[in-house]
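Here is the structure we will look at, set down as structure tokens.
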Amino acid sequence: MTMLDRRLHAYRPDLAEAGLEGRVEASRFVKGAPARVAVPVVALRPEPDLARGIDTELLLGEDLTVFDRADGWCWVKAASDGYVGYLPAEALSEGKPAPTHIVTAQRSFVYPEPELRKPHQAILSMGSRVHVMGEAEARGNHYVVLEDGTALFSRHVQPIGALDGADYVEIVARFLETPYLWGGRSGLGIDCSGLVQLAMLMTGRHAPRDTDMQAAGLGQPIDRSEIRRGDLVFWKGHVAVFEDPETILHANGYSMTVARENFEAAVKRIGSLYEQPTGYRRPFAD
């Protein structure tokens with residue numbers, strides 16, 4: 001069998017995605033069926049086992065392809081970044097209306113009706129996608145009403161497609177003090193490459209999910225002397241965003257948060273335990 005990255009290619013000895021026919025050996029090849037995430041956030045794992053660590057997370061309203069269902073698990077591929085893995089079948093839905101809006105606040109509460117004094121039903125992360133049916137006003141506050149009658153503050157959402165390529169570093173800074181979570185990709189907990197990916201998503205750009213993928217193909221390599229706001233620095237297994245040439249923003253296991261740190265101090269601290277930076281990249285052309 002040809003060895004492909006299992007994170008981006010769905011193949012097992014018994015089953016593989018149709019696009020890999022002729023490239024890998026499998027008993028069956030399938031196109032898969034479309035589905036959509038129906039819970040606020042769900043972990044994607046390399047195996048159908050809750051004891052396994054997570055690779056990444058998917059957010060409410062994200063599209064994916066389901067290749068297999070068995071024993072309460074689905075084997076899927078995310079539409080946004082092509083990541084492959086397993087998640088509980090109960091986290092998915094089919095046939096619901098397509099999302100119209102995306103959550104732009106770091107976190108937002110879902111209320112049972114347009115009334116902030118009601119007990120909230122869920123917490124949505126930035127990047128979650130919802131279907132808005134209408135609008136409502138109560139006690140001077142404006143809400144959007146979803147297909148099930150629940151409501152969100154209207155200022156916390158924006159129409160999908162309206163993201164305009166704004167400064168993604170400002171989005172990264174909104175996550176300061178957010179807890180670090182290995183594999184996390186939400187406002188409830190996030191890792192270094194998830195922070196980069198989600199912030200870029202919120203400015204209408206796309207980025208690979210993991211650090212090695214970003215280091216290999218996101219934008220163009222640059223020299224340390226060229227660093228400016230928005231550039232990236234990579235260590236083995238880690239990425240940080242330059243807020244300015246002397247300061248980085250990153251989700252890290254040292255503070256266990258998204259933190260602001262002097263770059264040279266970070267190089268010294270990290271280098272004493274691991275290695276020096278492996279490279280620098282500019283994610284977007286001028």
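Keep in mind that what you see is a predicted model, and the values were worked out from it rather than measured.
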Is there a path from [X] to [Y] through hydrophobic residues (I, L, V, M, F, W, Y) whose side chains come within less than 4.5 Å of each other?
| X | Y | value |
| --- | --- | --- |
| Val130 | Val42 | no |
| Leu152 | Leu116 | no |
| Leu176 | Met200 | yes |
| Ile54 | Val39 | no |
| Val157 | Val145 | no |

Which heavy atom in [X] sits nearest to a heavy atom in [Y], and how many Å separate them?
| X | Y | value |
| --- | --- | --- |
| Val169 | Gly230 | CG2-CA, 3.5 Å |
| Ile160 | Arg129 | CD1-CG, 4.1 Å |
| Leu218 | His206 | CD1-O, 4.2 Å |
| Pro40 | Leu124 | CB-CD2, 3.9 Å |
| Pro112 | Gln121 | CB-NE2, 3.3 Å |
| Ala166 | Thr203 | O-CG2, 3.2 Å |

Taking only Lys NZ, Arg NE, NH1 and NH2, and the carboxylate oxygens of Asp or Glu, determine whether [X] and [Y] approach each other closer than 4.0 Å.
| X | Y | result |
| --- | --- | --- |
| Glu170 | Arg174 | yes |
| Glu115 | Arg139 | yes |
| Arg155 | Glu135 | no |
| Arg229 | Glu246 | no |

May I ask you to check if Arg205 and Tyr168 form a cation-pi contact, with NZ or CZ under 6.0 angstrom from the six-membered ring centre and within 45° of the axis?
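No cation-pi geometry.
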
Hey, what do you get for [atom1] ([X]) to [atom2] ([Y]), rounding to the nearest 0.5 Å?
| X | Y | atom1 | atom2 | answer |
| --- | --- | --- | --- | --- |
| Ser193 | Leu232 | OG | CG | 11.0 Å |
| Tyr180 | Thr257 | OH | OG1 | 11.5 Å |
| Asp244 | Arg260 | CG | CZ | 9.0 Å |
| Gln276 | Ile270 | CD | CD1 | 9.5 Å |
| Thr100 | Gln158 | OG1 | CD | 12.0 Å |
| Tyr86 | Asp71 | OH | CG | 11.0 Å |

Within the 4.5 Å heavy-atom criterion, are [X] and [Y] side-chain neighbours or not?
| X | Y | value |
| --- | --- | --- |
| Val233 | Val239 | no |
| Met213 | Arg7 | yes |
| Arg12 | Trp75 | yes |
| Leu146 | Val132 | yes |
| Val196 | Val241 | yes |
| Asp68 | Cys74 | no |
| Leu92 | Leu64 | yes |
| Trp73 | Pro88 | yes |

Check the pair Phe153, Tyr143 against ring pair (Phe, Tyr, Trp, His ring centres under 6.0 Å), reporting the backbone distance first and the verdict last.
CA-CA 4 Å; Phe153 272 102; Tyr143 302 83; 5.0 Å; yes

Under 3.5 Å, side chain of [X] to main-chain N/O of [Y], donor-acceptor pair present?
| X | Y | value |
| --- | --- | --- |
| Ser125 | Gly187 | yes |
| Lys77 | Ala10 | no |
| Gln197 | Ala207 | yes |
| Asp223 | Glu226 | no |
| Tyr11 | Leu4 | yes |
| Asp191 | Gly183 | yes |
| Ser108 | Ala105 | no |
| Glu94 | Ala35 | no |
| Asp210 | Asp212 | no |

Residue [X] excluded, over 12 heavy atoms near [atom1] under 6.0 Å:
| X | atom1 | answer |
| --- | --- | --- |
| Met133 | CE | no |
| Arg28 | CZ | no |
| Gln220 | CD | no |

Only pairs at least two apart or in different chains count here, so list each side-chain hydrogen bond (donor to acceptor under 3.5 Å, both in side chains) that has a residue in residues 36-63.
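Sorted result for residues 36-63: Arg6-Asp55, Arg36-Asp63, Thr56-Arg209, Glu62-Ser80, Glu62-Arg185.
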
Set out, in order, the CA-CA distance, both residues' side-chain angles and the distance that settles salt bridge (charged side-chain N to carboxylate O under 4.0 Å, His left out) for Glu17 and Lys31, then state yes or no.
CA-CA 6 Å; Glu17 58 182 307; Lys31 291 184 178 180; over 6 Å; no

Taking the six-membered ring for Trp, is the centroid-to-centroid distance between Phe263 and Phe242 below 6.0 Å?
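Close enough - the centres of the two rings lie under 6.0 Å apart.
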
Between His120 and Phe109, how do the two ring planes meet: parallel, tilted or perpendicular, split at 30° and 60°?
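Ring orientation of His120 relative to Phe109: tilted.
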
Please report the C-alpha distance between Leu59 and Ser186 in whole Å, then the side-chain angles of each, then the deciding distance to 0.1 Å, and finally whether the side-chain contact (heavy atoms from CB on, under 4.5 Å) criterion is met.
CA-CA 8 Å; Leu59 305 176; Ser186 84; 3.8 Å; yes

Go through the steps for Tyr111 and Thr150 under the test side-chain contact (heavy atoms from CB on, under 4.5 Å), then give the verdict.
CA-CA 6 Å; Tyr111 297 96; Thr150 59; over 6 Å; no

Do Met126 and Phe175 pass the side-chain contact (heavy atoms from CB on, under 4.5 Å) test, and can you show the C-alpha distance, the side-chain angles, and the key distance before you say yes or no?
CA-CA 10 Å; Met126 179 186 291; Phe175 284 86; 3.7 Å; yes

Can you check side-chain contact (heavy atoms from CB on, under 4.5 Å) on Leu60 and Val41, steps first, answer last?
CA-CA 6 Å; Leu60 178 71; Val41 60; over 6 Å; no

